[in-house]
Protein chains: 4
Amino acid sequence: MEFRDNQAIYAQIADLMCENVLSGAWKPGERIPSIRETAETSQVNPNTVVRTYGYLEEKGIIRNQRGVGFFLSDDAYEITRKLKKETFESRELPRMFRIMELLSIGIDDLQVIYDAHRDASGKEKAL
Amino acid sequence: MEFRDNQAIYAQIADLMCENVLSGAWKPGERIPSIRETAETSQVNPNTVVRTYGYLEEKGIIRNQRGVGFFLSDDAYEITRKLKKETFESRELPRMFRIMELLSIGIDDLQVIYDAHRDASGKEKAL
Amino acid sequence: MEFRDNQAIYAQIADLMCENVLSGAWKPGERIPSIRETAETSQVNPNTVVRTYGYLEEKGIIRNQRGVGFFLSDDAYEITRKLKKETFESRELPRMFRIMELLSIGIDDLQVIYDAHRDASGKEKAL
Amino acid sequence: MEFRDNQAIYAQIADLMCENVLSGAWKPGERIPSIRETAETSQVNPNTVVRTYGYLEEKGIIRNQRGVGFFLSDDAYEITRKLKKETFESRELPRMFRIMELLSIGIDDLQVIYDAHRDASGKEKAL
DNA sequence: GTGGTCTAGACCACC
DNA sequence: GTGGTCTAGACCACA
């Protein structure tokens with residue numbers, strides 16, 4: 001697993017798990033991989049995963065059944081969705097709109113720019 | 001001045017200055033506030049501003065006239081615009097689209113969500 | 001059965017059994033539920049109950065008649081009472097008094113606070 | 001510094017700091033010892049203190065000024081008091097009353113028992 | 001100097 | 001087997 005530099009690894013793993021919840025790959029109530037398992041899969045130290053799980057548990061997304069493992073809480077989907085939506089609306093979106101205004105980019109241009117850039121970076125990789 | 005936790009202060013100050021350039025508040029060639037001045041205005045340690053100016057200078061957005069002060073370079077606008085546009089396309093936009101997909105938000109919804117949230121947070125402040 | 005997070009499950013089960021003894025629900029000499037039975041009732045792993053019974057046996061509160069089952073010892077009541085009283089005086093009470101001092105709560109306030117909180121949490125459940 | 005076995009060290013340190021707040025030894029807004037400082041004072045690993053501070057920050061009791069240190073938040077006293085009071089009322093007190101009922105101890109007996117036990121254990125130490 | 005993160009490895013209680 | 005905690009030590013970004 002590759003990680004970005006500008007964000008803590010434990011947070012990136014948490015993000016991935018949130019995506020698993022939102023995409024429906026992980027169902028509420030389901031058991032998630034053990035700390036050691038995730039650590040091996042992601043090639044990180046178990047302690048790092050401990051932090052990830054601690055964060056998710058605190059948010060109410062997962063819960064610990066002692067001696068058994070971690071499970072998605074029943075409201076995992078709702079909580080995750082609410083969490084992501086809130087930060088999206090209060091943080092990402094305002095920032096986006098400010099940048100768009102400064103660069104004179106309209107909402108209608110977004111799809112075009114996105115597609116163009118994806119194609120370009122895709123071509124780059126292919127080379 | 002309030003700063004976000006998830007980004008270095010020096011970078012946030014640099015961002016603000018970039019916005020000044022892009023919005024036209026600061027014109028190419030113009031003198032910008034001294035390190036000491038900015039430090040006082042923003043309530044941060046002068047060392048932090050040193051770092052901001054170092055970063056901007058490295059990017060070619062400002063230049064230092066020794067003993068006189070810092071000035072926007074003649075290409076400040078173009079450089080800043082290119083810089084912002086690049087990171088917007090390669091970093092912000094892809095990230096946005098991924099979140100939007102997970103949350104089932106379409107491009108058409110953006111304006112509505114943005115307005116709604118701005119109104120809501122505005123009302124909150126008013127209370 | 002619901003368990004608290006901050007205490008081992010085996011200990012919580014032991015506590016419940018001690019309460020049964022002290023309240024008179026269980027009489028000295030009486031047979032107590034089998035490990036398997038308790039495990040099923042409490043929805044825990046039988047190994048956990050084994051530990052509970054081992055602990056209680058070590059304290060002399062119960063004894064094992066091989067092939068037959070577990071029985072309260074004849075002194076079960078006295079032993080349990082002494083045990084509880086000791087930990088109450090040496091651990092719970094001092095802790096309580098320290099907290100009460102920090103929160104400026106007097107002994108005379110206890111009953112009022114307790115009743116108020118019980119009513120409040122009761123009302124909450126009723127909703 | 002000596003720590004009890006039945007509670008995590010990082011939590012015990014957090015408790016001590018809460019007591020400092022409640023007792024008025026630490027005033028809201030005040031700077032608290034740095035992580036390294038506390039680690040040395042308490043004779044624990046800095047990482048352990050990191051956890052303590054992380055916990056307190058999450059609760060809103062302290063806040064971090066980047067590169068400078070940790071400070072008690074302005075509401076440190078209120079938050080701490082509320083926190084302690086809540087766990088006292090919802091956890092300690094009900095537990096206490098149940099034990100008292102089982103042991104036939106009345107509220108009026110508490111002070112006597114407490115004093116008696118303190119004297120006894122004090123004498124023990126003196127020997 | 002400050003805190004933040006990560007690794008490596010250990011020990012423990014618990015299920 | 002599970003998670004929880006702690007240590008020791010390292011590196012980093014930041015003020």
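What's counted below: heavy atoms across the whole structure, side chains too, no hydrogens, waters or symmetry copies. Quick note on labels: first sequence line is chain A, next is B, and so on, each numbered from 1.
Under the 4.5 Å side-chain criterion, counting only non-hydrogen atoms from C-beta, C/Ser90 is in contact with D/His117. Within the 4.5 Å cutoff, the side chain of C/Phe70 has no heavy atoms near those of the C/Arg63 side chain. The shortest side-chain heavy-atom distance between B/Tyr53 and B/Asn64 does not fall under the 4.5 Å cut-off.
Here A/Tyr53 lies out of heavy-atom contact (under 4.0 Å) with every strand.
Contact footprint of chain D on DNA chain E: nucleotides with an atom under 4.0 Å from a non-hydrogen protein atom, first to last in 5' to 3' order, E/dG1 to E/dC6.
A salt bridge is defined here as a Lys NZ or Arg NE, NH1 or NH2 lying under 4.0 Å from an Asp or Glu carboxylate O, and D/Arg91 with D/Glu86 fails to meet this definition. Between C/Arg95 and D/Glu92, at least one side-chain N (NZ, or NE/NH1/NH2) sits under 4.0 Å from a carboxylate O, which counts as a salt bridge. The pair A/Lys84-A/Asp15 counts as a salt bridge, with a side-chain nitrogen and a carboxylate oxygen less than 4.0 angstrom apart.
Position along DNA chain F of the nearest nucleotide to A/Val50 versus A/Gly69 favours A/Gly69 as the more 5'-ward residue. A residue-by-residue look at A/Arg36 and D/Ile32 shows that D/Ile32 has its nearest nucleotide of DNA chain E further toward the 5' end.
The backbone N or O of A/Arg4 sits less than 3.5 Å from a side-chain atom of A/Gln12, completing a donor-acceptor pair. The backbone N or O of A/Glu37 lies less than 3.5 Å from a partner atom in the side chain of A/Thr41, making a donor-acceptor pair. Checking side-chain atoms of B/Arg51 against main-chain N and O of B/Ile9 turns up no donor-acceptor pair under 3.5 Å.
Checked options C/Ile61, C/Val21, C/Leu56, C/Leu72; the residue passing with C/Ile79 is C/Ile61 (criterion: side chain to side chain contact (heavy atoms under 4.5 Å, CB included)).
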Taking Watson-Crick and G-U wobble pairs with both distances under 3.5 Å, convert DNA chain F into its dot-bracket string, 5' to 3', dots for unpaired and | for cross-strand pairs. ||||||||||||||.
Under 3.5 Å, which N/O atoms of the protein pair with N/O atoms of nucleotides 13-15 of chain F?
| residue | atom | partner | partner atom | Å |
| --- | --- | --- | --- | --- |
| F/dC14 | OP2 | B/Arg51 | NH2 | 3.0 |

